[in-house]
Amino acid sequence: MAMDGVPGSLGTSVGFSLRLGQTLFSCASLLFMSLGVEFYSYTAFCYLVTIMGLVIPWSFTLALVDGYSVLVKCPVRQPGVLVIIAAGDWVLSVLTLAAACSTASVVDLLFHSGGSICSPKCCSRYQLSAAMAFLTWFLSLASALLNIWLLPSL
């Protein structure tokens, strides 16, 4: 199986789309979380901000690599580089899932507190942030799986 036969792997147009989606959703998650100044009060929200702060440069950098590879029609074929990228994808995918789950659970607790702790407007922003984090995780997992699928063929 050649590298060109795995859509979504590093250096393909589908991979570029996945990375761009990860970048956009993680930026949206960070934006919705940062609009509320109260997020510093909750560890899960700070964790989400930290992880999204890691995902954004990772995904954006790899989107640039994918875009360049697509434009010059020369995909990255070094096994060492691909192993590092696959490992980074897996680590960030797990961290993103943990951040999204912890944020969603805290938002659910705050939302069901009757509005005494969190205003409905603020809680809805936190819910949107958690939803964007889950979408980021889904795209990150897809990238990780596709890059892992590619490794045995090298």
Side-chain angles (χ1 to χ4, degrees), residues 6-70 75-76 80-152:
V6 182
S9 61
L10 188 66
T12 63
S13 58
V14 176
F16 175 72
S17 300
L18 286 171
R19 298 293 179 186
L20 200 57
Q22 290 170 27
T23 304
L24 293 175
F25 284 133
S26 56
C27 284
S29 177
L30 187 62
L31 177 71
F32 285 125
M33 185 58 69
S34 298
L35 286 176
V37 182
E38 304 157 7
F39 82 88
Y40 288 112
S41 304
Y42 303 99
T43 305
F45 296 167
C46 292
Y47 179 63
L48 178 79
V49 168
T50 303
I51 297 304
M52 291 301 121
L54 293 172
V55 170
I56 291 169
W58 174 265
S59 297
F60 183 70
T61 302
L62 292 176
L64 290 176
V65 170
D66 283 335
Y68 179 76
S69 295
V70 168
V76 179
V81 172
L82 292 175
V83 167
I84 291 170
I85 290 172
D89 279 344
W90 273 108
V91 168
L92 283 177
S93 178
V94 169
L95 292 175
T96 302
L97 178 62
C101 289
S102 64
T103 298
S105 64
V106 170
V107 168
D108 188 51
L109 286 172
L110 291 175
F111 196 69
H112 291 330
S113 69
S116 60
I117 299 174
C118 181
S119 68
K121 181 181 179 182
C122 200
C123 277
S124 64
R125 276 189 259 158
Y126 293 154
Q127 282 179 327
L128 282 171
S129 179
M132 295 297 122
F134 275 112
L135 291 172
T136 301
W137 165 73
F138 179 72
L139 294 177
S140 178
L141 179 66
S143 293
L145 287 173
L146 291 167
N147 282 320
I148 289 292
W149 184 16
L150 172 70
L151 286 178

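Heavy-atom basis, side chains included; hydrogens, waters and symmetry copies ignored.
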Problem set entry | Side chain to side chain, Leu64 and Tyr68, heavy atoms closer than 4.5 Å | no
Exercise. From Tyr126 OH over to Asp108 CG, what is the distance, rounded to the nearest 0.5 angstrom?
Worked result: 15.5 Å
Exercise. Is any side-chain heavy atom of Val49 closer than 4.5 Å to a side-chain heavy atom of Leu30?
Worked result: yes
Exercise. Quick one: does Cys101's side chain get under 4.5 Å of Phe134's, heavy atoms only?
Worked result: yes
Problem set entry | Check: Ser29 side chain, Phe25 main-chain N or O, donor-acceptor pair, under 3.5 Å | no
Problem set entry | Under 3.5 Å side-chain donor-acceptor pair for Trp58 and Asp89 | yes
Problem set entry | side-chain contact (heavy atoms from CB on, under 4.5 Å) assessment of Phe45 paired with Val107 | CA-CA 9 Å; Phe45 296 167; Val107 168; 3.7 Å; yes
Problem set entry | Side-chain heavy-atom pair Met52, Thr96 within 4.5 angstrom cut-off | yes
Problem set entry | Check: Ser26 main-chain N/O paired with Thr136 side-chain donor or acceptor under 3.5 Å | yes
For this session: Any chance you could measure Leu62, atom CG, to Leu18, atom CG, to the nearest 0.5 Å?
Result: 11.5 Å
Exercise. Do Tyr47 and Val106 have side chains that get closer than 4.5 Å, going by heavy atoms?
Worked result: no
Exercise. Does the side chain of Leu97 come within less than 4.5 Å of Leu141's, by heavy atoms?
Worked result: no
Exercise. Shortest non-hydrogen contact from Phe60 to Thr23?
Worked result: N-OG1, 3.3 Å
Problem set entry | Pairwise side-chain contact, Phe16 with Val65, heavy-atom cut-off 4.5 Å (strictly under) | no
Problem set entry | Any donor-acceptor N/O pair, Arg125 side chain to Leu35 backbone, under 3.5 Å | yes
Problem set entry | Pairwise distance CG(Leu95) to CG(Leu54) - rounded to 0.5 angstrom | 7.5 Å
Exercise. Distance-only, no hydrogens or angles: does the Ser102 side chain make a donor-acceptor pair with backbone N or O of Ala99 under 3.5 Å?
Worked result: yes
Problem set entry | Side-chain touch Ser140/Val55, heavy atoms, less than 4.5 angstrom | no
Seminar exercise, completed: For Ile148 and Ala86, the nearest pair of non-hydrogen atoms, with its separation, is CD1-CB, 3.8 Å
Exercise. Could you give the distance from CG (Leu24) to CG (Leu31), rounded to the nearest 0.5 Å?
Worked result: 12.0 Å
Exercise. So, for Gly21 and Leu139, which heavy atoms are closest and what is the spacing to 0.1 Å?
Worked result: C-CD1, 3.5 Å
For this session: Using the test disulfide bond (SG atoms under 2.5 Å apart), find all partners of Cys27 that sit at least two apart in sequence or belong to another chain.
Result: none
Exercise. At what distance, to the nearest 0.5 angstrom, does CE of Met33 lie from CG of Leu48?
Worked result: 5.0 Å
For this session: Taking Thr103 for its side chain and Ala100 for its backbone only, find out whether a donor-acceptor pair lies under 3.5 Å.
Result: no
For this session: Could you grab the distance from atom CD of Gln127 to atom SG of Cys122, nearest 0.5 Å is fine?
Result: 11.0 Å
